[in-house]
Amino acid sequence: MGKKQTQVRLEPEVLEAGKGAAASRGMDFNVYIERLIIEDTTGVRAAGMAAAQRFITEHGDFLDDLERQLDQPYSQPQPGAAA
């Protein structure tokens with residue numbers, strides 16, 4: 001069976017956000033929407049979110065510490081940096 005066409009009404013901002021998200025992934029907008037629906041209805045998205053939560057739970061302290069280190073401004077001027 002071939003694909004079927006449907007019509008969806010979206011707020012302009014939502015449509016533009018979706019098109020931007022598809023473009024940033026190098027995907028056609030229709031393929032992007034189709035993939036979102038498949039991921040949502042097959043449990044793939046939930047499995048991915050659960051895996052992400054396990055990662056954060058296991059490594060969150062390390063990630064927080066790394067973020068703090070990266071956010072700290074340099075206390076001394078760096079060699080070769082303009083004063």
Side-chain angles (χ1 to χ4, degrees):
M1 175 168 37
K3 292 189 176 194
K4 294 193 175 198
Q5 184 171 338
T6 189
Q7 184 175 358
V8 178
R9 295 178 194 271
L10 301 170
E11 293 293 331
E13 307 84 40
V14 174
L15 177 61
E16 289 308 310
K19 286 182 176 182
S24 72
R25 291 167 175 78
M27 299 171 72
D28 174 77
F29 180 68
N30 289 317
V31 172
Y32 174 71
I33 296 300
E34 184 176 38
R35 189 169 291 176
L36 285 176
I37 292 169
I38 290 168
E39 289 174 0
D40 190 49
T41 59
T42 61
V44 171
R45 183 173 301 278
M49 294 302 289
Q53 186 57 57
R54 284 192 306 275
F55 184 84
I56 290 170
T57 299
E58 292 176 21
H59 305 288
D61 291 340
F62 170 77
L63 295 172
D64 288 342
D65 185 49
L66 180 61
E67 184 176 23
R68 278 190 293 278
Q69 289 178 35
L70 293 173
D71 286 343
Q72 286 179 351
Y74 291 112
S75 58
Q76 300 293 323
Q78 298 298 302

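Residues Leu36 and Leu10 fall within the same hydrophobic cluster, defined by Ile, Leu, Val, Met, Phe, Trp and Tyr side chains chained together at heavy-atom separations under 4.5 Å. Residues Met27 and Leu15 are members of one and the same hydrophobic cluster, defined by side-chain heavy-atom contacts under 4.5 angstrom among Ile, Leu, Val, Met, Phe, Trp and Tyr. Cluster membership check: Leu70 does not share its hydrophobic cluster with Ile56, using side-chain heavy-atom separations under 4.5 Å among Ile, Leu, Val, Met, Phe, Trp and Tyr. When hydrophobic clusters are built by joining Ile, Leu, Val, Met, Phe, Trp and Tyr residues whose side-chain heavy atoms come closer than 4.5 Å, directly or via intermediates, Val31 is grouped together with Ile33. Following chains of ILVMFWY side-chain contacts shorter than 4.5 Å, one can reach Ile37 starting from Val14, so the two form part of one hydrophobic cluster.
One distance of note links CG of Asp40 with CZ of Arg35; it measures 14.5 Å at 0.5 Å rounding.
Heavy atoms of other residues, nucleotides or ligands lying less than 6.0 angstrom from CG of Asp61 number 12 at most.
No side-chain heavy atom of Glu67 sits less than 4.5 Å from a side-chain heavy atom of Leu63.
Evaluated for a side chain to side chain donor-acceptor pair (under 3.5 Å) with Thr57, the options Gln53, Arg54, His59 yield exactly one hit, Gln53.
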> Does the pair Asp65 and Gln69 meet the rule for a side-chain hydrogen bond (donor to acceptor under 3.5 Å, both in side chains), with working shown?
Replying inline: CA-CA 6 Å; Asp65 185 49; Gln69 289 178 35; 2.9 Å; yes
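Here the closest heavy-atom approach between residue Ala21 and residue Tyr32 is recorded as CB-OH, 3.4 Å.
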